[in-house]
Amino acid sequence: MTLLAIVTLLPLIGAIALLAIPAEEEGLHRGIGFAVALGTFFLSLLLVPGLTPAQWNSVVDWTWVGALGIHFKLGVDGISVFLVILTTFLMPIAMLSSWRSVQKKVREYMITLLILETGMIGAFVALDLFVFYVFWEVMLIPMYLLIGIWGGDRRIYASIKFVLYTMVGSLLMIVAILYLYVQHHEATQVWSFDYDELRRLVLSPREQLFCFLAFASAFCIKVPLFPFHTWLPDAHVEAPTAGSVILAGVLLKFGTYGLLRFAMPMFPSAVAMCAPYLTILAVIGIVYGSLVAWVQTDVKKLIAYSSVAHLGFVVLGLMAWNGRGVDGAMLTMLAHGISTGGLFLAIGVLYERRHTRRLDEFGGIAAVMPKFTAVFLIVTLASVGLPGLSGFPGEFLILLGSFDSWRTWGGMPHMFGFGSHPKIIASVAATGVILGAVYLLWMFQKVMFGPNNNPKNKQLPDLSAREIAVFVPIVIAAFWLGLYPATFLARIDPAVTQTLAQFRQKAADAPGKGYTPRMLARDSAPSATSATAIGAMDGDHGQPGHDHGSHR
Amino acid sequence: MIPVENFLILAAVLFAIGVLGVVLRRNALIVLMSIELMLNAANLTLLAYGRARHDATFQALAFLVVAVAAAEAAVGLAIVVGIFRNRHSTNLDELTLMKH
Amino acid sequence: MSFDLAELTLSLPLLVVAVGGVLVLLLEAFSGRTASRAWLAVLTLAILGLATALEIPAWEAAATPRAIYGGMIAVDRFSIFLSVTIFVGAGLSTLLAGGFLREHRFEFGEFYALILLGTAGMMILVQANDLVTIFLGIEIMSLAVYVLTGSWRRSAKSSEAAMKYFLVGSFASAILLYGIALVYGTSGTTNLLEIGKSAVVTTDPVFLIGTFLILGGLAFKVAAVPFHMWAPDAYEGAPTPVTAFMAAAVKAAGFGVLVRILVTAFGRPSLTFGAGGWASIAAALAILTMTLGNVAALRQDNIKRMLAYSSVAHAGYLLVGIVAMGRVGDEARGPILYYLLAYSLTTVGSFGVIAWFGSHGDERQHIDDWAGLGARHPAAALAMTVLLLSLGGIPLTAGFFGKLYLFKVALMKPGLVPLVIIAVANSLISIFYYLRVVTAMYFREVGRATSPLRSRGVTAALILATVGTLALGLLPGWAIDLATQATILTK
Amino acid sequence: MDEFPLYLIPLLPLCGAAINLLFGRHLPRAAVAAIGCTAVAMAAVLAWKAFALLEHAGPSGVLTASFFEGDWIYATEASGPSLHIGAGLLFDRLSGVMVLVITTVGFLIHLYSTAYMEDDPGLARYFGYLNLFTGAMLILVLGDSLPVTFVGWEGVGLCSYLLIGFWFDKEQNAYAGRKAFIVNRIGDFGFLLGMFLLFSATSTLKYSELGAADSMGALQHAFLGKWSFAAIASLLLFVGATGKSAQLPLYVWLPDAMAGPTPVSALIHAATMVTAGVYMIARLHFIFAIDPFVLAVIASVGAATALFAATVGVTQKPIKKILAYSTVSQLGFMFIGVGVGATGAGVFHLVTHAFFKAGLFLGAGSIMHALAGEEDVTKMGGLARRMPITRWTFLVYCLAIAGIFPFSGFFSKDAILAGAFAFDADVPGFPHWLGFAIYAVGLCAAFLTAFYMFRAYWLVFGGKFRGDPHTFDHAHESPPAMTVPLVALAVGSALLGLLGIPEAMIAHANLFEEWLAPVLASGHAESPHLSAGLEWGLMLCASGVALGGIFLARSLYANGISPTADRIAEGLPRLYKIVFNKYHVDEIYDLLVIRPLRAVARFFWKVIDGLIIDLILVRGSALVVDLVGRGARFFQSGDVQRYVVGVIVGTGAIVGISANWTACNAAPFEVTVAGADVTVHARGMSPGQVARPKNQQLEYSFDFGDGTGEGKPQPSSVGKHHYDAKGKKTITVRVRDPRWDTRSKESRTVVIPGVPAEGRGGVR
């Protein structure tokens, strides 16, 4: 089935098509670009029906470089499908939002966005580590251009900082990928970057540690985890609205997606060793990001730091590495894309009208822009994590999961050996719930409430029809995720369960002393035998099960 | 008969003198000559070995080197002339248009 | 020593290029003073094309590697691959030169003759199976390039570059020659294969000193740190098409001969391994070269000079391949060959954009001159971006696959992981300065007015280089296959 | 039973909210009000119907429903039980009572609002929020699991935020709203953690499953030291309750919350939302009751709050502030009730309080409506004749809250105080007279309650008008839409108490307790049993105290502020000032929490982000790279002869290093000392090196530093020696590489302990 290939490459084809149209036809460029993005969105929706969450769907497997065993292999499962849809969902919205604000080099702008979209989709669905890396880098350059060409005053500094930070990690990652590739060849005499192959490669704990650190450094910078986060505020502040939306909405998710998809399942013993530290960094990120967000005067910076906090939650959930935590991390990834994307769009609306993002320039906007107030409030509250809106189910699951992370880790060595109790860590993380309300409502109050004293703010026009069209999907998505997350969980949960089962199987099969590179047996769905093995591993904490029937 | 080592040592000394000349002298022409000296030192080494080994190919090689050295000298002189035409000087110290 | 006509057919491409060079020289002598020399450029391209075409049957003939002319010349696919790489560099440089020479008013036909003769020298070099042939090849190549470097006679920089290049180059030649003399004297042979088999050699310190002197001389040719210092000046001062030719073809030839001599003459384990073996020396040189090249390039405001330093850094990456060849074995030659091809294309292209940008004797090399290029000349800026990204090793470009392939081989020996990580860290530094140019082109406001030169040749060269870079990046399979087939040396 | 569409009860107000919020601005004002009221009225009708069904169902009957099939949130666990949270609703006797109060009082307040908010431009928004609040509150009480309750819990917090800041163009209103939300969030933090802990122990969050035997068993397991899961979890949940129900120390938001429209204060900050904490504890009383310590904490906090807030209430001037502190105080009473195990009494007080406090607020609203928004009671007076309905209903509420027989407050407050008096659980960490102490504090609070309420009453209605006479001329009775709810609530305040007549008066007449008994009986704590005489005594005592308070208020304020009152305030200037300024709690929080946190945040931003990470780490590494670059520039001087030197140095280094490397590398050694025998292992050729031919083997010689001199060169890298004397010895290893004739040496000093005694066999 090539639907996935079409979804992935359609934006790229669109970008190439735009090249053929003269640059003066700005309206045409906007229209075609938007149409392509919208078409990609609808096509990507077709991935959902008939999806078998716990296996690769609509797999594309084309030989690319036979000599090096590189395959253009794509596939989608319950974990990646919604991230793809999030990407295709936000892209037309981002385009629509910049309909007016971007007047410079429209053709290049649309091309950049479309290439970026291909890069992002591709990276989410790549099943060949080489292809993954290629897409990973492909999205780097358009984002760099987006910040650098259409950005604010300090755009050069911000764009270079963004690229260099990201490259630090990704270069280490490619070394680790190559290392796996070579070790896989040692073990099997076959050159392959295939994720399913490399995943079954058993490395010594030391090798695992180094490879994990290499992967994790790439992903943690992208997340961004404290203390690798300082590129984010700069990038966000300087990026145009659409850039910020995509950056916060999708790009940051690659860090957490990468951890979940690649870094953690492939290196179980390293995960057992590093997870406590990453957990602590995540918690620091939550508290630190929230506090720093609170004292910002630039709205975009505030939201950027809030992303540090939110993504800290995601990492926390991942490191809990149980069903709740990872499910929650996935939901929060989606929710953050919606809510923070929405926040950036809202700031974009203000910026378009006032050309400033300083908190003290605003105040009392609610009186003149009631429609805007409503959507801004909703996305703010979604970001706060109010139940019924998108932020809550994910954060709830994450905290619940991290509260019990020891249950999963119990069978593994080194975990929390230094005496920190996961419940305490989770409790500290939960202060993020308070702090989130503190800084976001602070922002909301400063912008929307109070007397409308500034004469420049007295005549601001309310949302136009186009802007409403931008926000309506966001609001719907925010409510959907909050009120009926089962739509998403039904796909995410089985895939996560499968990933965890594979991980446990690999962890249980740890290499002994006489280590040589070797491969695990081929596995498929979590079989009955592996399930019992898992049960035996965690037998210490048998609780009466709650069989509410299975959920598909 | 003079032992071959003596020739080799002489050649090495000549080579070293050439090296010093290249490093220390400032006039392009003298540097050029120093390089020629180095080439000839190498040539002398070749001949010494050839004599010790009673091998004629060494001598053939030496002729080749002489020819190459001549070509090199020709090109070198042309370049020096070029420099002189541009700068009216052949002092190497002054060739610092490009640095860092 | 018998002379076999059949052997002559095996070196037809070399003959074509050499004779072609002489022919161009003669034609120049008989053509009018003011007449355009464009047709000479076309002729040169035709000669190079013919030579390339002749390499195709030669490729088949070289399926079984052997040495001809009494062992002086090796016939193997390794040399053919490199020859074609050199043709690519030479051909593209010729295309660039046509417009460049006319624009800057020093159009003279000998230029093309020298390119062809230099190319011939390089071809000899990559096929050389004998120390004498190596020396000859190096001298033929070098003399041609010295002259080419100084060919822009009105430019003070050009003649200064030639002077520096010549002085350091001939000094290195002398060292090389002295090394050859010592090796020859101790082993009694100049044939690489026989040196490799010679029983006495490893026990004799004089022989070892000879080998190191040879290595030093070759390290100069590939501009490894600390033998590199001529390179930035020479690259900067030389007319840009010549710089491109140097960066692409001279480097390929230098690495070709380095690989061959290391494998065939000095390939025995006692010379390769251990603390004093050449693999370790190459590793040290690689680290120094990569790091210094990149770090120095960071601070350059002159784009041409920056690319010169970047070329030094790339020699460092290639040295990683040399180390891998010492440690891993023959497999590592595939990546070196592929990298050389990719790098040649890319670097010729990037110097080509620089050549294209200047006009009327003004080369416009300062980075400030490039501000806003993206707005004025989007196609050229795009080409430059692609080429720079390739140099930086960003995916979907030739440079990325080159590095990937190289590092893959290096990683096959666990001991080389630190080296690879240093290389990767260097890639990061390099991205900074490559992006500086991209940043200037796209993100900064338009600077001084520009009137780039107009030449179909230059345009064609840029298109070819850019498309080639992308093609090698998107579909590198065929080139990798060829490079893999070309790993076997005459032994 | 499950056919009853329970979900409609919260959904109807939510739909009303949706309509008004989305389209209200384009609808006529009457339609907006009508939609708002109708939605709640319909919910009320449904609620009554459900209540009737419940009554038929018998004591243990419940109605259940769900918003949708399947789970709301779930996660599969490979090990241990999976998480399943549905969207279920539970209508039992406890939530039934709550739903009735919410919908009924809510409807009256909606009705009142139609007149009160008549001229406000944000009418649609107002009704939208109010409906939204009602819906959320209904979800809160109807939720069948903690997470669903939490949805409502947060929802009401949001509406409170929105409604407090309803007139957002005033900075302090918006600030008050935000403060409310954030303080509530602090409570929610505890709520969440408590919820997580419960799940950790029992793997369920559904009320019905939490109460099951195995869950209860799991909850009694020790968690932290001697503390059980239940103890910690319920303490955490209690933190949530203090936030929502404005108890010490999280009460601070409630007085500020009076910034909202008065009906909002009546509905949210008096009748319904603030009682959510009490409801939650009652709902989970079986968990709270597991550890008596928790109950004691709750009761103590309740008592402290009741007294504290009452003292502040005595000094306040704005009428809404008085009522706000009164609410805090009364909520304290409710917590005393649930804390001392008199859960039913606590809930009963919740219900009666809902009526009389809502009435008081609406009455205050009516007064302010008449006086053009004047709030200060010291600027009122003499309104009795101008506003008769308001005055008489207000009097009823005051009597009810003061606890005068037979008004409702009498019965509910008495039940609580009786419970406190009877509370004699032996709680470790608390004195055994805790129950009595709480009773005494409660009595004090009751006295103050009666005093400040009647202070307000007389200041408003008695004496002469003290404000702007012009305002007084315009003062008039409010329209029927406002007075009808006032009367209705007054009737409720007067009569509701009859549902809970204590045993001592009439046997088996405590309908309320009986109604709730099936829900609350499963707890461990039993209802206090006092002798009839004692109970009568307590009632008289409480009534006497209340009358005393009223009398004092009358004597001081019946005809304006009497000089005595001023003199008392002047006589205790410090105390009065502190109390008047609400004990400076807001300032203390600002100084101790907010400022330090902001300072820390700023430090993080400027120092850690800006200085350490960005400047030192990021730019620092760039600087290092740059410095290396500068170093390279020194050599790249443009002088061609330096370049030549580079070539020479490079070649020389290759030769020199290669020549020396092997020898230098081989010399370092390790020494093993065994008594007087030493063995020296030189490192030798590195493993990567290929073996050399015979004539180029490295030569080692060892000098053991005891005068025996240097040994002969040997090919082995191992040297052995026997010392004759102990002491410090310097061992030197020399290596020669014959290939290059390069040498190196390495020395080290070792201590020789001496010759070992025979038979100990020291050499191994």
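So you know, we letter chains A, B, ... as the sequences are listed, proteins then strands, and number each from 1.
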Spacing of D:Asp169 atom CG and A:Met448 atom CE [to the nearest 0.5 Å]:
13.0 Å

For A:Leu483, is it the side chain, the backbone, both or neither that has a heavy atom under 4.5 Å from a heavy atom of chain D?
backbone

Engaged part of D:Leu197 at the chain A interface, taking heavy atoms whose separation is under 4.5 Å
both

Side chain, backbone, both or neither: which part of D:Leu193 has an atom under 4.5 Å from a heavy atom of chain A?
both

Report yes if some heavy atom in the side chain of D:Thr76 is under 4.5 Å from a heavy atom in the side chain of A:Asp327; otherwise report no.
no

Closest approach of D:Phe189 to A:Thr431 (non-hydrogen atoms, all atoms of both residues):
CE1-N, 3.3 Å

For A:Asn453, is it the side chain, the backbone, both or neither that has a heavy atom under 4.5 Å from a heavy atom of chain D?
neither

Looking only at the aromatic ring of each residue, does the gap between the centers of A:Phe396 and D:Phe150 stay below 6.0 angstrom?
no

Before you tell me yes or no, could you show the steps for A:Tyr165 and D:Val618 under side chain to side chain contact (heavy atoms under 4.5 Å, CB included), namely the whole-Å CA-CA distance, both residues' side-chain angles and the distance that decides it to 0.1 Å?
CA-CA 9 Å; A:Tyr165 252 101; D:Val618 176; 3.4 Å; yes

Just by modelled atom types, is the A:Gly482 backbone N or O under 3.5 Å from a matching donor or acceptor in the D:Trp72 side chain?
yes

Distance col, row D:Ile182:CD1 vs A:Leu440:CG, nearest 0.5 angstrom, shows 9.5 Å

Toward chain A, the part of D:Ile139 with a non-hydrogen atom under 4.5 Å:
neither

Within a strict 4.5 Å, meaning less than it, do heavy atoms of the A:Gln296 and D:Trp605 side chains meet?
yes

Pair D:Asp609, A:Thr230: side-chain N/O donor-acceptor within cut-off below 3.5 Å
no

Given heavy-atom pairs under 4.5 angstrom as the criterion, report whether the side chain, backbone, both or neither of A:Trp231 touches chain D.
neither

Most heavy-atom pairs under 4.5 angstrom with chain A, which of D:Glu154, D:Gln172, D:Arg598?
D:Arg598

Excluding sequence neighbours, so at least two apart, what forms side chain to side chain contact (heavy atoms under 4.5 Å, CB included) with A:Trp480?
A:Tyr484, A:Thr487, A:Phe488

Given a strict heavy-atom distance threshold of 4.5 Å, which part of D:Phe68 is in contact with chain A: side chain, backbone, both, or neither?
side chain

Taking side chain as everything from C-beta outward and backbone as N, CA, C, O, which of these in A:Leu377 sits under 4.5 Å from a heavy atom of chain D? Side chain, backbone, both or neither.
side chain

Please look at D:Pro147 and chain A and tell me whether the side chain, the backbone, both or neither of the residue comes under 4.5 angstrom of a heavy atom of that chain.
side chain

Determine the option with the most heavy-atom pairs under 4.5 angstrom with chain A, choosing from D:Trp153, D:Trp167, D:Tyr175.
D:Tyr175

Please rank A:Phe226, A:Tyr288, A:Tyr305 by heavy-atom pairs under 4.5 Å with chain D and give me the top one.
A:Tyr288

Measuring heavy-atom distances to chain A, does D:Ile594 have an atom under 4.5 Å in its side chain, in its backbone, in both, or in neither?
both

Between D:Phe604 and A:Trp294 (judged by ring centroids, cut-off 6.0 Å), do the two rings come close enough to count as a pair?
no

Can you tell me which of A:Val295, A:Leu164, A:Leu386, A:Leu291 forms the most heavy-atom pairs within a distance under 4.5 Å of chain D?
A:Val295

In terms of heavy-atom proximity below 4.5 Å to chain D, should A:Val496 be classed as side chain, backbone, both, or neither?
neither

Where do A:Ile434 and D:Arg185 come nearest, in terms of heavy atoms and distance?
CG1-O, 3.7 Å

Are A:Phe444 and D:Phe181, when compared by the centres of their aromatic rings, separated by less than 6.0 Å?
no

As an exercise: rank A:Ile492, A:Val326, A:Leu489 by heavy-atom pairs under 4.5 Å with chain D and give me the winner.
A:Leu489

Starting at CZ of D:Arg619, measure out to NZ of A:Lys161 and round the result to the nearest 0.5 Å.
7.0 Å

Honestly, the part of A:Ser290 sitting under 4.5 Å from a heavy atom of chain D is neither

How many angstroms lie between atom CD of A:Glu395 and atom CG of D:Leu192, to the nearest 0.5 angstrom?
9.0 Å

Under 4.5 Å from any heavy atom of chain A - which part of D:Phe67:
neither

Which pair of heavy atoms, one from D:Glu171 and one from A:Gly450, lies closest together, and at what distance?
OE1-CA, 4.1 Å

Does A:Lys301, at its NZ atom, have more than 12 non-hydrogen atoms belonging to other residues, nucleotides or ligands within less than 6.0 Å?
yes

Per-residue tally against chain A (heavy atom, under 4.5 Å) across D:Ile608, D:Asn184, D:Asn173 peaks at D:Ile608

Residue pair D:Ala601 / A:Val292: nearest heavy atoms and the distance that separates them:
O-CG2, 4.0 Å

Check whether D:Leu83 gets within reach of chain A through its side chain, its backbone, both or neither, counting any heavy atom under 4.5 Å.
side chain

Most contacts with chain D, counted as non-hydrogen pairs under 4.5 angstrom, among A:Gly363, A:Gly432, A:Ala367:
A:Ala367

Top residue by heavy-atom pair count (under 4.5 Å) with chain D, among A:Ala366, A:Ala374, A:Gly325, A:Gly436?
A:Ala366

Closest non-hydrogen atom pair between D:Ala174 and A:Gln445, with its separation:
CB-CG, 3.7 Å

Partner chain D: residue of A:Gly364, A:Ala430, A:Pro233 with the largest heavy-atom pair count (under 4.5 Å)
A:Ala430

Rounding to 0.5 Å, atoms CG (A:Leu400) and CE (D:Met195) come to a distance of 8.0 Å

Looking only at heavy atoms, which two atoms of D:Ser200 and A:Phe403 are closest? And how far apart?
OG-CD2, 4.1 Å

Do side-chain atoms of D:Glu77 reach the backbone of A:Asn322 as a donor and acceptor pair under 3.5 angstrom?
no

Pick one of side chain, backbone, both or neither for D:Leu158, based on which atoms fall under 4.5 Å of a heavy atom in chain A.
side chain

Distance from D:Ile73 atom CD1 to A:Asp493 atom CG, nearest 0.5 Å?
12.5 Å

How about D:Lys606: does its NZ atom have over 12 heavy atoms from other parts shown lying under 6.0 Å from it?
no

So which part of A:Leu399 gets closer than 4.5 Å to some heavy atom of chain D, the side chain, the backbone, both or neither?
both

Contact class of D:Arg25 relative to chain A, heavy atoms under 4.5 angstrom
side chain

